[in-house]
*Asks:* 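Below: one structure in structure tokens.
In the text below, chain A, chain B and the rest are named by the order of the sequence lines, each starting its count at 1.
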2 protein chains.
Amino acid sequence: MFNEFHTTAEELIRHSGGRATAGRIGILAILLAEQQAITHREIEQRYPEALQLDRVTLYRALEWLAGKNLIHKVTSDDRVWRYHANRELHSHQHAHFKCTRCAQMICLSDLPIDQSWPLPIGYRFQEIELTVKGLCADCC
Amino acid sequence: MFNEFHTTAEELIRHSGGRATAGRIGILAILLAEQQAITHREIEQRYPEALQLDRVTLYRALEWLAGKNLIHKVTSDDRVWRYHANRELHSHQHAHFKCTRCAQMICLSDLPIDQSWPLPIGYRFQEIELTVKGLCADCC
DNA sequence: AAATAAACGCAACAATGTTGCAGTTATTGT
DNA sequence: ACAATAACTGCAACATTGTTGCGTTTATTT
Ligand SMILES: [Mn+2]
Ligand SMILES: [Mn+2]
Ligand SMILES: [Zn+2]
Ligand SMILES: [Zn+2]
């Protein structure tokens, strides 16, 4: 469980000025190793049983990592947050794809969408949230 | 509580080939009277206390109405479904706006977005879900 | 090694939605 | 108008996801 991702994770966390605890490092390492956005539950399953990690601690660590911009969380129609490591390659604003069959969720390319979406008078734009739904390659 | 919306609601329900129960009619009337998409809780509050309506029945009625395409439900980052009557004027695919301060949610115009979003090889497009976030006129 | 703020683990709670089942009711046919 | 019946309802119990309070532990600094 001590691979390249662990090392990177620890570096990133220390660089963010927070305590480098086993939980945070392990969690971020899991997210760095994953290409999809995964749920709290899925992170729990990937986390080695030997080292135990309370679910509340996991929730709090994810919140902390998101606050430090090391990960981002994605909303979904199944009422479950999914988390994904922030990579250089995708900007803050990007679309996501969700498979309607297996629920896998991946990040798509940056949003080529005009930031000034036509809103009613008096409304102020902040951000766009876009999810494309369909079938993934496995489920097609 | 017997206004124009009630009459319309009952007609729509009968036309859909389901039982015209007090609950369904009342619920649809509430949604027809509303311009925003509102939550289960908000519908409950608007429903006259005198006529009582169980929360489970409300959930089931909403599911039924959505299945009959008389209303649509919208996902949100607060893990709460919001419901809105289907009007002729907006197509099946349209964007929504959600105020990040008061959580009000309105329907925006039809999606001028290319239905063929660039997906990885082997992926199949089904639909797009787009929410613009910002401040509504009241909260600006 | 000691001091200390930060993080953790546990238990209890909250919010939203679902399921099973017995009882009720809207509709249909007579 | 009345009876038959499938559709609908109400209740209780449950499931899932996430949050809060608080006493204990730990990573970091001195
Ligand atoms: Mn992403
Ligand atoms: Mn809408
Ligand atoms: Zn899939
Ligand atoms: Zn607002």
*Asks:* What residues join B:Met105 in its hydrophobic cluster, counting side-chain heavy atom gaps under 4.5 Å, either direct or through other members?
*Replies:*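 Grouped by the 4.5 Å side-chain rule, B:Val74 form the rest of the cluster around B:Met105.
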*Asks:* When the C1' atoms of the five terminal pairs at each end define the local axes, what inter-axis angle does the helix from C:dA1-D:dT30 to C:dT30-D:dA1 show, to 10 degrees?
*Replies:*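 Comparing the axis at each end, I get an angle of 30°.
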*Asks:* Under the rule for side chain to side chain contact (heavy atoms under 4.5 Å, CB included), what residues qualify as partners of B:Asp78, not counting sequence neighbours?
*Replies:*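 Per chain and number, B:Asp78 pairs via side chain to side chain contact (heavy atoms under 4.5 Å, CB included) with B:Ser76, B:Val80, B:Arg82, B:Lys98.
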*Asks:* Would B:His94 and B:His72 count as a ring-ring contact (aromatic ring centres under 6.0 Å, His included) if you check the C-alpha gap in whole Å, the side-chain angles of each, and the deciding distance to 0.1 Å?
*Replies:* CA-CA 11 Å; B:His94 57 277; B:His72 62 280; 4.7 Å; yes
*Asks:* Nearest-Å distance, CD (B:Glu44) to P (C:dA15)?
*Replies:*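 Spelled out: CD on B:Glu44 to P on C:dA15 is 13 Å.
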*Asks:* Only distances under 3.5 Å count here; give the side-chain donor-acceptor pairs of residues 56-63 of chain B to other protein atoms, sequence neighbours excluded, each with its distance to 0.1 Å.
*Replies:*
| unit_1 | atom_1 | unit_2 | atom_2 | d |
| --- | --- | --- | --- | --- |
| B:Glu63 | OE1 | B:Lys73 | NZ | 3.4 |

*Asks:* Of A:Trp64 and A:Arg79, whose closest DNA chain C nucleotide lies nearer the 5' terminus?
*Replies:*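 The residue mapped nearer the 5' terminus is A:Trp64.
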*Asks:* Find the distance A:Arg55:CZ to C:dC13:C1' and express it as a whole number of Å.
*Replies:*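 Checked: the CZ to C1' distance equals 11 Å.
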*Asks:* Treat primed atoms plus P, OP1 and OP2 as sugar-phosphate and everything else as base, then score nucleotides 19-30 of chain C 5' to 3': B for base contact with protein heavy atoms under 4.0 Å, S for sugar-phosphate contact only, - for none.
*Replies:* BB----BBS---
*Asks:* So, using salt bridge (charged side-chain N to carboxylate O under 4.0 Å, His left out) as the criterion, who are the partners of A:Arg14 when residues are at least two apart?
*Replies:*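 A:Arg14 satisfies salt bridge (charged side-chain N to carboxylate O under 4.0 Å, His left out) with A:Glu10 once adjacent residues are dropped.
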*Asks:* Rounding to a whole Å, what distance do you find between A:Ile25:CD1 and C:dA7:P?
*Replies:*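 Taking atom P of C:dA7 as the reference, CD1 of A:Ile25 is at 13 Å.
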*Asks:* Who clusters with A:Ile121? Use side-chain heavy atoms, under 4.5 angstrom, across I, L, V, M, F, W and Y, and order the result by chain and number.
*Replies:*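 Its cluster partners, ordered by chain and number, are none at all.
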*Asks:* Any pair with a residue in residues 18-34 of chain B that passes side chain to side chain donor-acceptor pair (under 3.5 Å), sequence neighbours left out, goes on the list, sorted by first then second residue, please.
*Replies:*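 Output for this query lists B:Glu34-B:Arg46.
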*Asks:* With sequence neighbours excluded, what pairs up with A:Tyr83 under the ring pair (Phe, Tyr, Trp, His ring centres under 6.0 Å) test?
*Replies:*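 Here no residue qualifies.
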*Asks:* Report all side-chain donor-acceptor pairs from residues 130-140 of chain B shorter than 3.5 Å, counting only partners two or more places apart or in another chain.
*Replies:*
| unit_1 | atom_1 | unit_2 | atom_2 | d |
| --- | --- | --- | --- | --- |
| B:Lys133 | NZ | A:Glu129 | OE2 | 3.1 |
| B:Lys133 | NZ | B:Asp77 | OD2 | 2.7 |

*Asks:* Taking any atom closer than 4.0 angstrom to a non-hydrogen atom of chain B, what span of DNA chain D does the protein reach, first nucleotide to last?
*Replies:*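 Range of nucleotides within reach of chain B: D:dA6 to D:dG18.
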*Asks:* Pairs in or reaching into residues 15-35 of chain B: which pass ring pair (Phe, Tyr, Trp, His ring centres under 6.0 Å), with residues at least two apart or in two chains?
*Replies:*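 Of all non-adjacent pairs touching residues 15-35 of chain B, none passes ring pair (Phe, Tyr, Trp, His ring centres under 6.0 Å).
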